[in-house]
Structure formats: C-alpha cells, structure tokens
Trainee: 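Have a look at this one.
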Amino acid sequence: MEENTEEGQSQKGCFECCIKCLGGIPYASLIATILLYAGVALFCGCGHEALSGTVNILQTYFEMARSAGDTLDVFTMIDIFKYVIYGIAAAFFVYGILLMVEGFFTTGAIKDLYGDFKITTCGRCVSAWFIMLTYLFMLAWLGVTAFTSIPVYMYFNLWTICRNATLIDEANLCLDLRQFGIVTVGEEKKLCSTSENFLRMCESTELNMTFHLFIVALAGAGAAVIAMVHYLMVLSANWAYVKDACRMQKYEDIKSKEEQELHDIHSTRSKERLNAYT
C-alpha cells in the first residue's frame, strides 16, 4: 500500500514538472522562430538553385560565357549573390537562437529553477537592443523581398513570351537581355521565337523550374518579413513586461525597507518602554 502511494506521488510530481516546463516555453517566440527558419530556408535554398538554373539558361540558350579576368559580369554577380545567401542562412540561424534565448529569459521560463530573478539595467538594454535590431532586419527583408521580385518579373515575361509563341502562329517575339541590364548596350544577346534555342528553352523543364524556384524564394522572403513583424510584437510585449517587473521590483524594495524601518521603530519603542518600566 505504501509503495502504491509513493508511486502515485512520484507520478504526480513528474506530471507537475512537465506542466511547469510546458508553461515556461515562450510559444510566441517559438512560432516566430519556426516561421523565420522556414522563410530563410525557402529563400536561401530555392534562391541558390534558381541562380544556378539562371546560369545554365544563360550559357545554354543565350550562349553567354564568363568574362576572362576580374571583369564584373552577370556570372560574377550571381556568384556574389550565392555568397550573400550563405551569409544570410548562417546569420539568421544564430539570430533565431538568440531571440529564443531572450524569450526564455524575459518570460521567466527559468524563474522556478533558479529562484526569483532580478530585472537589471543590462537586461532592459538587451531587450531594447533586440527591438532595434529586429526592426532593422525587418526593413532589410523588405528590401530583399522587393529585390527578389525582379527576377520573378523577368521570368514571368520570358514565360509569357514562350506561351504566346505557341498560341500565335508565325509570331516573331524576341527577348533582349539588354532591356533588363544583364548585358551591356554594346552586346546584343537577343533570343527570338523563330530560333531553335528559343524553342528548346521553352520546351525544357529548366525554365519552369527556375521560374517557380524564384517564386518560392519570394514567398520565403515574405515569410521572413512576417516573422520579423511577429518578433517585433513579441519583443515589444516582453519589453513592457520587463518594464512593469522593474517597477514592481522597485515597489517591493521600497515596501520592504519601510516595513523594516517600522519594525525597527517598534522594537526601539518596546525596549524604551521596558527600560522605563524596570
């Protein structure tokens, strides 16, 4: 009978511990982190593959070649964009972890493990710093989203030309890369619907795949923007919580000092009365 009682108490203690741990998780920060990781993964992964597909299309169908030497051409720019993608993936992986840690500390997830925590000036400065940094990153992701829409627009035009060429008989539709700034004005890289390369490009799956990869990368950048907005709301709420907790902490300190002073005064008067009586 005693063993059953001890086993029941042990199960109850484990259940209460699990409930306490689940209650301490900052779910708002967790949702924002998952959304951020999903958006960054879509943008970086699909954007990288879309850039590789763009290189293949330019080399195969537009017959473009890399410039010799250190000339800044479209292929060099694509390589730079790939390195930027690597940096974005690494930076926001670390930033997401930092925001999750900040969420755990601010919401007091470790409060019951280490006792009542104290709101320090450093903690308030860290929360304010994260708010400012997240706002700047949100603006940066808005710029990235706008920039990613450019290749989507370019591939949409190319896809529309391919579709119209198949619908309209004997149509001579051309795509000149100079109008998009991919090549200089002196170079003529034009691809018309009457050429063999144009027909092979429209019939290939590489064009549709690259087009849809850019669309998914654009959606990933939009998801990252939403995650940054979500983080801003969470951080602002946490900042308000820290501010109120700081005020409450000051109030408790003042209250305890007053109670201690009253206790000292009462003790002193009691001693004086006792001495006067004796």
Side-chain angles (χ1 to χ4, degrees), residues 22 24-57 74 77-107 109 126-159 180 205-241:
L22 292 175
I25 297 176
Y27 291 101
S29 297
L30 181 62
I31 294 173
T33 303
I34 294 174
L35 185 60
L36 176 64
Y37 282 168
V40 172
L42 287 176
F43 173 77
C44 294
C46 296
H48 183 275
E49 293 302 315
L51 290 175
S52 300
T54 301
V55 172
N56 294 331
I57 290 175
V74 62
M77 293 296 297
I78 289 176
D79 292 336
I80 293 174
F81 291 149
K82 287 183 178 180
Y83 285 115
V84 171
I85 286 176
Y86 300 149
I88 290 174
F92 279 93
F93 176 77
V94 176
Y95 190 66
I97 294 176
L98 291 177
L99 288 176
M100 274 298 299
V101 172
E102 195 273 344
F104 270 105
F105 275 93
T106 308
T107 54
V126 169
S127 297
W129 171 255
F130 272 120
I131 291 175
M132 182 186 68
L133 200 60
T134 304
Y135 180 75
L136 294 177
F137 281 147
M138 184 198 68
L139 296 179
W141 274 109
L142 283 174
V144 170
T145 304
F147 183 78
T148 310
S149 63
I150 297 176
V152 173
Y153 171 73
M154 294 169 58
Y155 272 97
F156 177 76
N157 287 339
L158 183 57
W159 177 77
F180 298 109
T205 59
E206 193 171 20
L207 177 63
N208 286 329
M209 179 62 68
T210 305
F211 178 39
H212 289 91
L213 284 174
F214 271 121
I215 293 177
V216 176
L218 179 62
V225 173
I226 297 174
M228 289 292 104
V229 174
H230 196 163
Y231 268 129
L232 278 177
M233 293 188 294
V234 172
L235 291 171
S236 299
N238 289 343
W239 167 256
Y241 170 76

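Please read all numbers here as calculations on a predicted model, not as lab measurements. Residue numbers start at 1 and run along the sequence shown.
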Trainee: Could you work out, with ring pair (Phe, Tyr, Trp, His ring centres under 6.0 Å) as the rule, every residue matching Phe93, not counting sequence neighbours?
Mentor: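 Partners of Phe93 by the ring pair (Phe, Tyr, Trp, His ring centres under 6.0 Å) criterion, ordered by chain and then number, come out as Tyr37.
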Trainee: Name all pairs fulfilling the side-chain hydrogen bond (donor to acceptor under 3.5 Å, both in side chains) condition that reach into residues 207-216, sequence neighbours left out, sorted by first residue then second.
Mentor: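 Qualifying pairs: none.
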Trainee: Which residues satisfy the side-chain hydrogen bond (donor to acceptor under 3.5 Å, both in side chains) test with Asp79, sequence neighbours excluded?
Mentor: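 With sequence neighbours excluded, Asp79 shows a side-chain hydrogen bond (donor to acceptor under 3.5 Å, both in side chains) to Arg66, given in chain and number order.
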Trainee: Taking only residues two or more places apart in sequence, or in another chain, which ones meet Phe147 in a ring pair (Phe, Tyr, Trp, His ring centres under 6.0 Å)?
Mentor: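 Listed in chain order: Phe81.
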Trainee: In Å and rounded to the nearest 0.5 Å, what is the CZ to CD1 distance from Phe156 to Ile215?
Mentor: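 So the CZ of Phe156 and the CD1 of Ile215 are separated by 9.0 Å.
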Trainee: Could you tell me which non-hydrogen atom of Val144 sits nearest to which non-hydrogen atom of Ala221, and how far apart they are?
Mentor: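 Smallest heavy-atom distance, with atoms named: CG1-CB, 4.4 Å.
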Trainee: Under 3.5 Å, sequence neighbours excluded: what are the donor-acceptor pairs made by side chains of residues 46-55?
Mentor:
from: His48; atom 1: NE2; to: Tyr86; atom 2: OH; distance (Å): 2.8
from: Ser52; atom 1: OG; to: His48; atom 2: O; distance (Å): 3.1
from: Ser52; atom 1: OG; to: Lys82; atom 2: NZ; distance (Å): 3.0
from: Thr54; atom 1: OG1; to: Ala50; atom 2: O; distance (Å): 2.8
from: Thr54; atom 1: OG1; to: Tyr155; atom 2: OH; distance (Å): 2.8

Trainee: If you look only at distance, which donor and acceptor atoms sit under 3.5 Å apart when one is on a side chain in residues 225-237 and the other is two or more places apart or in another chain?
Mentor:
from: Tyr231; atom 1: OH; to: Thr33; atom 2: N; distance (Å): 3.3
from: Tyr231; atom 1: OH; to: Thr33; atom 2: OG1; distance (Å): 2.3
from: Ser236; atom 1: OG; to: Leu232; atom 2: O; distance (Å): 2.7

Trainee: Sorted by first residue and then second, give each side-chain hydrogen bond (donor to acceptor under 3.5 Å, both in side chains) pair with at least one member in residues 136-152; sequence neighbours left out.
Mentor: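 For residues 136-152: none.
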Trainee: Val101: which residues meet the side chain to side chain contact (heavy atoms under 4.5 Å, CB included) condition with it, sequence neighbours left out?
Mentor: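 Partners of Val101 by the side chain to side chain contact (heavy atoms under 4.5 Å, CB included) criterion, ordered by chain and then number, come out as Ile97, Phe105.
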Trainee: Give the table of side-chain donor-acceptor pairs shorter than 3.5 Å for residues 132-139, with sequence neighbours excluded, one pair per line with atom names and distance.
Mentor:
from: Thr134; atom 1: OG1; to: Tyr95; atom 2: OH; distance (Å): 2.6
from: Thr134; atom 1: OG1; to: Phe130; atom 2: O; distance (Å): 2.7

